[in-house]
Novice: 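Pasting a structure below so you can have a look.
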Amino acid sequence: MAFVTLAVLEGLERGREFRNLQTPVTIGREEVNDVQLNDERISRLHAKLQEHQGAIIFTDLNSTNGSRVNGHPVQLRILRPGDHLQLGRCTLLFGTPEEISARAQQLGVSPVDVLPLSRPDLTDSFLRQSRPEGLQSDEILPKSLFCGERPPLPSPLTPLQRARISDLLMYIHEQLQHIILTSAESENSAAGTMLVDWARFQNLLQLQKNLAYWLQEVANPDSAVPPG
């Protein structure tokens, strides 16, 4: 059991804060949800947050329009303070100001650096406390899903699980290494431009397709369709 805080940054409930909600927490359009959002693009039961071994896990409950975290479509995600949950037209900020500041301090960065989507025109106090200088009100700064953090490997693992994860990582490493070693800097373009062999580029696209399948298989194994 854990307690989570969500602040509505965009949507009809903008400015509302849901503090110290006890997990599991459901989010959706119906009144039965712990966080009810009035938006027709949000499913009746859209997503849930649950605690497991100290981590808060976000799960999209096969919603009609899907979910995004930090601007990236996700179905399953370990949340970190400062993450932005985007459901329909609504944007929710995960974590209290204290949790966000503590995470920033741990990473050795400014609190704004762990806020993947910064909108200075938002009136919410969470963002007003760490507004980047010179940013215009209509600018949106999409950042990495992980804000520079490297996700840890799951632990503990059985010997078979370790071997399977090792195989997956070795496969990805091998494919990327082939692309890197066969790339060359262009002599006729601006500095910093790299040329990738067409066949290797197709390998890269296939790797992206495989990764998408693995993500779907992990999040929803019953509906995953193997890549062609």
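None of the values given here were measured: they were computed from a predicted structure. Residue numbers count from 1 along this sequence.
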Novice: Are Leu85 and Leu61 linked, directly or through intermediate hydrophobic residues, by side-chain heavy-atom contacts shorter than 4.5 Å (ILVMFWY only)?
Specialist: no
Novice: Should Leu92 and Glu13 count as side-chain neighbours, where that means a heavy-atom distance under 4.5 Å?
Specialist: no
Novice: Do the side chain of Arg29 and the main chain of Ile42 share a donor and acceptor less than 3.5 angstrom apart?
Specialist: yes
Novice: Could you give me the CA-CA distance, side-chain angles and deciding distance for Ile56 and Phe94, then say whether side chain to side chain contact (heavy atoms under 4.5 Å, CB included) is met?
Specialist: CA-CA 10 Å; Ile56 302 299; Phe94 173 74; 4.0 Å; yes
Novice: Should the heavy atoms of other residues, nucleotides or ligands under 6.0 Å from CD of Gln208 be counted, would the total exceed 12?
Specialist: no
Novice: I'd like to know if the side chain of Ser43 reaches the main chain of Thr64, judged simply by a donor and an acceptor atom lying under 3.5 Å from each other, with no hydrogens or angles considered.
Specialist: yes
Novice: Taking all atoms of both residues into account, what is the closest heavy-atom pair of Pro81 and Arg103, and its distance?
Specialist: O-NH1, 2.7 Å
Novice: Show the numbers, then the answer: is there a side chain to side chain contact (heavy atoms under 4.5 Å, CB included) between Thr5 and Asn20?
Specialist: CA-CA 5 Å; Thr5 293; Asn20 298 322; 4.1 Å; yes
Novice: Would you check if the side chain of Asn70 reaches a backbone N or O of His72 as a donor-acceptor pair within less than 3.5 Å?
Specialist: no
Novice: Between CZ of Arg200 and CG of Leu207, what distance do you get to the nearest 0.5 Å?
Specialist: 12.0 Å
Novice: Any sub-3.5 Å donor-acceptor pair from Thr59's side-chain atoms to Lys48's backbone N or O?
Specialist: no
Novice: Is the backbone of Leu45 close enough, under 3.5 Å, to the side chain of Glu30 for a donor and an acceptor to pair up by distance?
Specialist: no
Novice: Verify the cluster assignment for Ile172 and Ile179: are they in a single hydrophobic cluster under the rule of side-chain heavy atoms below 4.5 Å apart?
Specialist: yes
Novice: Main chain of Arg89, side chain of Arg41: is a donor-acceptor contact present, judged purely on distance under 3.5 Å?
Specialist: no
Novice: Find out if a path of hydrophobic residues (ILVMFWY) with successive side-chain heavy-atom gaps under 4.5 Å connects Trp214 to Leu205.
Specialist: yes
Novice: If you take all heavy atoms of Leu93 and Gly82, which pair is closest and at what distance?
Specialist: CD1-O, 3.6 Å
Novice: Hey, are the side chains of Arg68 and Pro73 touching, using non-hydrogen atoms and a 4.5 Å cut-off?
Specialist: yes
Novice: Quick check: do Gln206 and Asn203 have side-chain heavy atoms less than 4.5 Å from each other?
Specialist: no
Novice: Using a 6.0 Å cut-off, check whether atom CG of Leu168 has over 12 heavy atoms from anything other than its own residue.
Specialist: yes
Novice: Quick check for you: to the nearest 0.5 Å, what is the distance between Asp34 atom CG and Thr23 atom OG1?
Specialist: 10.0 Å
Novice: Counting only heavy atoms not in Gln161, do more than 12 fall under 6.0 Å of its CD?
Specialist: yes
Novice: Would you find a donor on one side and an acceptor on the other, under 3.5 Å apart, between the side chain of Gln22 and the backbone of Phe3?
Specialist: no
Novice: When you look at CD of Glu40, are more than 12 heavy atoms from neighbouring residues, nucleotides or ligands closer to it than 6.0 Å?
Specialist: yes
Novice: If Ile, Leu, Val, Met, Phe, Trp and Tyr residues are connected whenever their side-chain heavy atoms lie under 4.5 Å apart, and connections chain through other members, are Met1 and Phe58 in the same group?
Specialist: no
Novice: At what distance, to the nearest 0.5 angstrom, does CG of Asn220 lie from CG of Asn62?
Specialist: 5.0 Å
Novice: Just how far is it from atom CD of Gln50 to atom OG1 of Thr26, taken to the nearest 0.5 Å?
Specialist: 11.5 Å
Novice: Do Leu21 and Val4 have side-chain heavy atoms sitting under 4.5 Å apart?
Specialist: yes
Novice: Just so I know, are the side chains of Phe18 and Val25 near enough to count as touching, which here means a heavy-atom distance under 4.5 Å?
Specialist: no
Novice: Hey, is OH on Tyr171 packed in by over 12 heavy atoms from elsewhere, all under 6.0 Å?
Specialist: yes
Novice: Asp83 and Ile78: which non-hydrogen atoms are nearest, and at how many Å?
Specialist: OD2-O, 4.2 Å
Novice: Measure the shortest side-chain to side-chain distance between Arg80 and Pro151 over non-hydrogen atoms and say whether it is less than 4.5 angstrom.
Specialist: yes
Novice: I need the minimum non-hydrogen distance between Pro111 and Ser101, along with the two atoms involved.
Specialist: CG-OG, 4.4 Å
Novice: Going only through I, L, V, M, F, W and Y residues with side-chain contacts under 4.5 Å, is there a path from Leu211 to Leu169?
Specialist: no
Novice: Once rounded to the nearest 0.5 Å, what's the spacing between atom CZ of Phe201 and atom OG1 of Thr182?
Specialist: 12.5 Å
Novice: Hey, are the side chains of Ile57 and Arg77 touching, using non-hydrogen atoms and a 4.5 Å cut-off?
Specialist: no
Novice: Out of the candidates Gln86, His46, Gln75, only one should pair with Ser67 under the side-chain hydrogen bond (donor to acceptor under 3.5 Å, both in side chains) rule; please name it.
Specialist: His46
Novice: Passes side chain to side chain contact (heavy atoms under 4.5 Å, CB included), Asp39 versus Leu87? Steps please.
Specialist: CA-CA 9 Å; Asp39 184 343; Leu87 318 176; over 6 Å; no
Novice: Would you indicate whether Gln202, at its atom CD, is surrounded by more than 12 heavy atoms from other residues, nucleotides or ligands within a distance under 6.0 Å?
Specialist: yes
Novice: Would Leu49 and Val35 count as a side chain to side chain contact (heavy atoms under 4.5 Å, CB included) here? Give the steps.
Specialist: CA-CA 11 Å; Leu49 277 61; Val35 177; over 6 Å; no
Novice: At what distance, to the nearest 0.5 angstrom, does CG of Leu204 lie from NE2 of His178?
Specialist: 13.5 Å
